Structure formats: C-alpha cells, structure tokens
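Input: a single structure, listed below in structure tokens.
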Amino acid sequence: MRKPILILGACGQIGTELTYELRSIFGGENIIASDIREGNESLMQAGPFELLDATNYEAIEDVIMHYEVEEVYLMAAMLSATAEKFPMRAWNLNMNSLFNVLNLAKEGKIEKIFWPSSIAVFGPNTPKESTPQSTLMEPSTVYGISKQSGERWCEYYFKKFGVDVRSVRYPGLISWKTMPGGGTTDYAVEIYHAAINSGFYKCFLKEDTKLPMMYMDDAVKATISLMLSPRKNIKTHASYNLGSMSFSPQEIAASIQKHIPEFEISYSPDFRQQIADSWPKSIDDSQARQDWNWSPEFDLKKTTATMLSNLRRKVRE
Ligand code: AKB
C-alpha cells in the first residue's frame with residue numbers, strides 16, 4: 001500500500017487542482033490536503049484536511065508523524081506581484097517553508113519532496129527567447145530571488161544529504177477551476193472571466209508583452225510525472241525548465257475574439273510591467289523532455305476553447 005502524500009498550500013491555484021488529481025490517482029484518504037486557511041468544500045471533504053502553517057516546523061512534523069506521510073508537495077508561496085509589496089513576508093514564507101521540508105527529509109522523516117520554482121528565477125540579462133535550462137539568471141524581483149535561492153538550496157540538500165527533492169520552473173498557469181493570486185501572469189486567467197462576465201478587460205501589461213504560459217492540466221501532469229519518474233532519470237535536483245506556449249495580451253485577446261467577436265481589451269500597464277519585462281518570452285525545456293518525457297498538450301487555441309466553454313457552463317449552473 002502507498003504511504004500518504006501531504007500537500008502544503010492545497011487551497012491555492014495549483015494546490016487545489018493537484019490535490020484533486022492526486023486523490024483521483026491514489027485515493028482520497030492517501031492525500032492529506034493542508035493550508036493556512038480553509039478551502040472549498042469539495043477539497044476539504046474528499047479526503048483528510050489539516051489547517052497548517054507551512055512556516056511552522058513542529059506543526060508539519062506532527063502531521064507527518066500522525067499520517068505516516070512519505071512525500072510532501074510544498075505549494076505554499078507568495079507570488080511575484082504581492083512579494084514586491086511585502087518583501088520580508090515573501091522571503092520568510094518562501095524560504096522557511098522550504099527549509100522545513102528539506103530538513104524533515106534530511107532527518108529521514110519524509111522521502112521525497114516536490115517544490116515549485118518559476119520562470120521568475122530569470123532576470124533582465126537572461127536570453128529572452130528559448131531561455132536555456134542553464135544560463136545567466138540574475139533575477140530582479142523579490143519572488144525571483146527567493147526562487148533562485150530555493151533552487152540552490154534544493155541542489156545543496158540533494159548533493160550534501162541525498163534529499164530527493166524535485167522541481168519545475170512553472171510559467172504562468174491558466175485554469176478555470178481556481179483563480180491565481182498575486183502573480184504577474186494572473187491577467188491570462190482574469191481575461192477569460194472578464195470576456196464571459198463583461199465582454200471587456202483592462203490589462204495591466206502592455207499589448208506586446210510575450211510571456212511563457214501553460215494550461216493547468218499540463219502543469220499538474222508535469223508535476224506528477226516528474227514525481228513518479230525513477231530517481232536515476234532526474235538529472236537536476238535544482239529545477240527543470242518547463243515550456244508549453246507563449247503569447248502576449250493582444251494574442252490572447254485575438255484568440256478570445258474568435259469565440260466572442262465583440263470582446264474588447266484596453267491596456268493600462270502598472271508596476272507588474274517591469275516584472276514581466278524582466279522575464280523570458282519563451283522557454284527551452286528540452287532537458288525535461290529528454291529526462292522524463294515531458295510533452296504539453298494545450299496550445300493557446302485549445303486553452304481558449306476549454307476556458308471559455310467551462311466558464312460559460314459555470315455561469316449557467
Ligand atoms: C507569477 O506571476 O508570479 C507566477 C509565476 C510566473 O511564477 N505565476
């Protein structure tokens with residue numbers, strides 16, 4: 001029988017969908033969802049749920065011992081836009097939660113960790129197109145600095161203590177089930193809701209700001225397949241580049257207009273423009289494709305069709 005998995009930050013954008021998918025694969029009772037706040041009812045009722053602060057080592061240790069947890073997915077984090085407003089809070093949450101799980105693994109209390117990194121590890125001096133796995137990074141945001149430091153610590157714990165920690169650099173994630181919170185790529189979810197609800201969207205990025213993006217099903221598939229890959233296949237325990245599609249606000253608007261011709265967009269860039277300008281436009285993910293057969297299924301056309309049909313159905317319900 002498989003030992004339980006603990007998800008820290010299970011009520012967030014990725015955590016929610018990851019919890020649903022892991023429960024459908026391994027059974028509800030084997031997936032312990034946890035978060036600092038309560039989530040939606042279906043998530044809290046379909047399996048064990050614990051109120052848990054990811055920065056509290058003892059509280060996490062208690063849950064791990066109680067359920068005999070073997071793997072932890074650490075999804076709690078403060079994202080790029082919010083982190084610029086609360087730098088110290090972001091650093092404390094993003095780093096202390098990571099040290100907690102790395103140290104629990106070092107002490108032999110858990111066997112495997114998933115920790116998400118981000119395209120935010122790259123900075124203004126990084127090559128923008130087809131950004132390689134290993135390249136000049138120099139992140140210029142609070143969030144990016146915490147993610148790059150986290151990557152270095154993951155590799156250190158793997159090399160020094162043999163900790164099996166695995167990671168991907170998520171691009172902007174798009175989903176109709178959950179809303180993102182506090183990121184720079186959030187516009188790519190908000191725009192679909194606006195298209196359905198009001199037919200108009202005021203975008204906080206400039207029209208030609210191209211960024212790497214991914215539909216949530218692909219992100220969840222990547223995460224689980226990385227975790228299920230044999231350890232010998234994992235060539236980096238820092239973090240894998242993960243690519244799928246890249247587009248700008250005007251391109252996503254055009255793809256929405258194919259379904260809703262009267263949809264309108266205007267542009268009013270704010271402080272998030274500078275963050276977006278420091279990130280890559282597209283990602284070279286050949287190492288992930290080679291090491292654990294990564295391959296995305298959703299392009300912009302399929303994402304738009306899926307988002308609009310599901311959001312329309314949700315409005316009707
Ligand atoms: C953000 O915009 O901060 C995140 C990310 C790219 O990691 N979605």
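Values reported hereafter were calculated over all heavy atoms of this structure, with side chains retained and with hydrogens, waters and symmetry mates removed. Only a predicted model underlies this, so the values are computations on that prediction, with no experimental measurement involved. We count ligands from 1, going down the list as the structure has it; atoms in each ligand are counted the same way.
Annotation: T185 places an N or O atom under 3.5 Å from an N or O atom of ligand 1; distance criterion only. By the 3.5 Å distance cut-off applied to N or O atoms, T184 is counted among the residues near ligand 1. Taking distance alone, with nitrogen or oxygen atoms compared against 3.5 Å, S118 approaches ligand 1 more closely than that limit.
In the hydrophobic cluster analysis, where Ile, Leu, Val, Met, Phe, Trp and Tyr join through side-chain heavy atoms closer than 4.5 angstrom, V163 is grouped together with I110.
Ion pair D164/R166 flagged as a salt bridge, since at least one NZ, NE, NH1 or NH2 atom sits closer than 4.0 Å to an Asp/Glu carboxylate oxygen. Between K147 and E151 there is no salt bridge, since none of the side-chain N atoms of the basic residue sits less than 4.0 Å from a carboxylate O of the acidic one.
Close approach of ligand 1 to G183 (heavy-atom distance below 4.0 Å) involves ligand atoms 1 (C), 2 (O), 3 (O). In summary, the atoms of ligand 1 found under 4.0 Å from a heavy atom of W279, numbered by their order in the structure, are 1 (C), 2 (O), 3 (O), 6 (C). Shown in contact with Y143 at under 4.0 Å from a heavy atom are these atoms of ligand 1, numbered in order with element: 3 (O), 5 (C), 7 (O). Annotation for ligand 1: atoms under 4.0 Å from non-hydrogen atoms of S80 are 1 (C), 2 (O), 3 (O). Within ligand 1, the atoms closer than 4.0 Å to a non-hydrogen atom of L79 are 3 (O), numbered from 1 in the order shown.
A distance of 6.0 Å or more separates the ring centres of F122 and W279. For an aromatic pair to be called close, the ring centres must be under 6.0 Å apart, and W115 with Y73 fails this.
Geometrically, K106 engages F161 in a cation-pi contact defined by less than 6.0 Å to the ring centre and at most 45° from the axis.
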